[in-house]
Amino acid sequence: MEPANKGAWFDYECQATTEDENKACRNMQQGYGTRSLIEEYKEQRRKEKTIHKRNKKSIGECGIRKYGIAKA
């Protein structure tokens, strides 16, 4: 179930990490914001952002190589 606005870079790995991050966020909100829940949420968010950036960058590099587009 890929959202239309995510594009080709949003794959299964991205979806799984986003679901994990959302679960950690819900746990944090429902658990009165304890320190351990906040740290878990921050870790999941950091992991999600890293994976999304990596996938976006790899798709961008493939597009540059495929179409011969040079960055200025």
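The first residue in the sequence is number 1, and the count goes up from there. Below, all heavy atoms of this structure are taken into account, side chains as well, without hydrogens, waters or symmetry copies.
Once rounded to the nearest 0.5 Å, the distance linking CD of E13 with CD1 of I51 reads 4.5 Å. For the atom pair C25 SG and D20 CG, the distance stands at 13.0 Å (nearest 0.5 Å).
Remark: T18 pairs with E48, H52 by the side chain to side chain donor-acceptor pair (under 3.5 Å) rule, at least two apart or across chains. Scanning for salt bridge (Lys or Arg N to Asp or Glu O under 4.0 Å) contacts around E19 gives an empty result, with sequence neighbours left out. Checked against side chain to side chain contact (heavy atoms under 4.5 Å, CB included), T50 has no partners two or more places apart in sequence or in another chain. With sequence neighbours left out, R45 forms a salt bridge (Lys or Arg N to Asp or Glu O under 4.0 Å) with no residue at all. Among residues two or more places apart in sequence or in another chain, the side chain to side chain donor-acceptor pair (under 3.5 Å) test is passed with Q29 by none.
Between Q15 and D11, the closest side-chain pair of non-hydrogen atoms is not below 4.5 Å.
Listed by first and then second residue, the salt bridge (Lys or Arg N to Asp or Glu O under 4.0 Å) pairs that reach into residues 25-40 come to none, sequence neighbours excluded.
As a member of the Ile/Leu/Val/Met/Phe/Trp/Tyr network built from side-chain separations under 4.5 Å, Y41 groups with M28, L37, I38.
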Run the numbers on T17 and E21 for side-chain contact (heavy atoms from CB on, under 4.5 Å), then give the verdict. CA-CA 6 Å; T17 56; E21 187 265 338; over 6 Å; no
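K56 approaches W9 most closely through the heavy-atom pair CE-CZ2, 3.3 Å.
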